[in-house]
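Worksheet: the structure to be examined is printed underneath.
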There are 2 protein chains.
Amino acid sequence: MTTLIQSPTKTVELSAVDGLAQLSFLIHDVLSARASRYGLSMSQTRLLGALRDRAPSVNELAVLLELDKSSVSGLISRAEERGLVERVPSPDDGRAVVVRLTKRGRSQVRKVAADFEADAVSLLSLLSYKDASALASLISRLLAAHAEAHGVDLFA
Amino acid sequence: MTTLIQSPTKTVELSAVDGLAQLSFLIHDVLSARASRYGLSMSQTRLLGALRDRAPSVNELAVLLELDKSSVSGLISRAEERGLVERVPSPDDGRAVVVRLTKRGRSQVRKVAADFEADAVSLLSLLSYKDASALASLISRLLAAHAEAHGVDLFA
DNA sequence: TATTGTTATACTCTATAACTATA
DNA sequence: TATAGTTATAGAGTATAACAATA
């Protein structure tokens, strides 16, 4: 599948596959540039994001982030040194710890999320409102169909 | 901007911003899973991809990949050890080298690209042909508008 | 002097394996 | 024994700074 598109100087054919890949890299770059303004790597940002609505154990975090528990342990330690998260002994299990955002961590993740929201809105505003709405709707349906096809509930 | 979407069990609101981010991560994961079947990291894959139609100098590669030249030098060295690329003295400049794919590197990058193409097609086929075409077209226009807004010529 | 590329060094991120403490 | 988490270790990836060779 290819699509004819207009640039100011020429009309080119961009395959749907290339488009998907380029869009993915573009979003990734925007997000990681925003995070780095707060001195955060993508990994640190994902960690903080995963803690926004939860106070999970290290194991639960490892599942959420799809990383080995040792990798997560390191991420937590570096975030802890920077005062962004804290480890609390689990009340239920003497072996486990609960990881949660500090006040500072919560503030950081809120700022990054707000900035990224603004970036994404400004990106989408390159299209007309009608086109942006259509794009958002199609993406949502694609994600829903993919989650469905893989037995994953994106919206748990 | 939010969009109502249907999952088999519920209707949820997914913001356009969340949709963009999730789509980006999904594509990234698909691509990196494909690359890793050939023992390639994303960085190595990007390097090989950048060499598909070019035999650039280290400096030119650094600009293309938006990395420091020392980072690129390391990427090249590791790819060279694995027989995927080679360094050739530049005919024009005694200080420079030209980096190019070996036969093996070319074969690898072709396979990864073909696999990813298949992945992307199968992802898009979760939508109707009409919707997939519309999505591809909107993404293309968004990318073109972004390139235009940033004075970058995506299609050089 | 300026530029091209490599190397030395340091840090983040990731995984595997070995370890401890608890269940 | 099994599980939760940490630590030791190794390697990729990245950047900065110092360097050698060439322009």
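Every chain is numbered from 1 and lettered A, B, ... according to where its sequence line falls, protein lines coming before strand lines.
- Using a 4.0 Å heavy-atom distance criterion, B:Arg46 is classed as making no nucleic acid contact.
- Closest to the A:Asp68 side chain, of the nucleotides D:dA23, D:dG5, C:dT16, is C:dT16.
- Using a 4.0 Å heavy-atom distance criterion, A:Ser43 is classed as a sugar-phosphate-only contact.
- When rounded to the nearest whole Å, the span between CD of B:Glu80 and C1' of C:dG5 equals 13 Å.
- For A:Ser73 and D:dT6, the shortest distance from a side-chain N or O to OP1 or OP2 is below 4.0 Å.
- A:Leu142 is not listed as a side-chain neighbour of B:Leu26, based on a closest heavy-atom distance of 4.5 Å or more.
- Between the C1' atom of D:dG13 and the NZ atom of B:Lys69 lies a distance of 18 Å, rounded to the nearest Å.
- Interface remark: the B:Arg95 side chain does form a donor-acceptor pair with the C:dT3 base, using a distance-only criterion of under 3.5 Å.
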Produce the list of close N/O pairs, under 3.5 Å, pairing protein atoms with atoms of nucleotides 8-10 of chain C; give distances to one decimal.
none

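- Side-chain contact check for B:Ser77 and B:Arg87: at least one donor-acceptor pair (N or O, by modelled atom type) lies under 3.5 Å.
- For the pair A:Leu67 and A:Leu75, the minimum side-chain heavy-atom distance is below 4.5 Å.
- Under the 4.5 Å side-chain heavy-atom criterion for ILVMFWY residues, no single connected hydrophobic cluster contains both A:Leu48 and A:Met42.
- Of the candidate nucleotides C:dT6, C:dT14, D:dA4, C:dT6 has the atom lying nearest to any side-chain atom of B:Val58.
- Counting any heavy atom pair closer than 4.0 Å across all strands shown, A:Ser57 reaches sugar-phosphate atoms only and no base atom.
- We find the OG-CD distance between B:Ser140 and A:Gln22 to be 8.5 Å, quoted to the nearest 0.5 Å.
- Residue B:Ser71 places no side-chain N or O under 4.0 Å from the OP1 or OP2 atom of D:dG13.
- Of all heavy-atom pairs between B:Tyr38 and B:Arg82, the closest is O-NH2, 4.1 Å.
- Of the two residues near DNA chain D, A:Glu60 and B:Ser41, the one whose nearest nucleotide lies more 5' is A:Glu60.
- For B:Asn59 and C:dG5, the shortest distance from a side-chain N or O to OP1 or OP2 is below 4.0 Å.
- Rounded to whole angstrom, the span from the CG atom of A:Leu48 across to the P atom of C:dT12 amounts to 15 Å.
- Nearest-nucleotide positions on DNA chain C for B:Val72 and A:Leu75 put B:Val72 closer to the 5' end.
- As rounded to whole Å, 12 Å separates atom P of D:dT3 from atom CG of A:Asp93.
- Residue contacts shown for B:Gly94 are limited to sugar-phosphate atoms, with no base heavy atom under 4.0 Å away.
- No contact: A:Ser77 has no heavy atom under 4.0 Å from any strand.
- Atom C1' of nucleotide C:dC13 and atom CG of A:Leu67 are separated by 9 Å, given to the nearest angstrom.
- Side-chain contact, A:Ser90 with A:Asp92: no donor N or O sits under 3.5 Å from an acceptor N or O.
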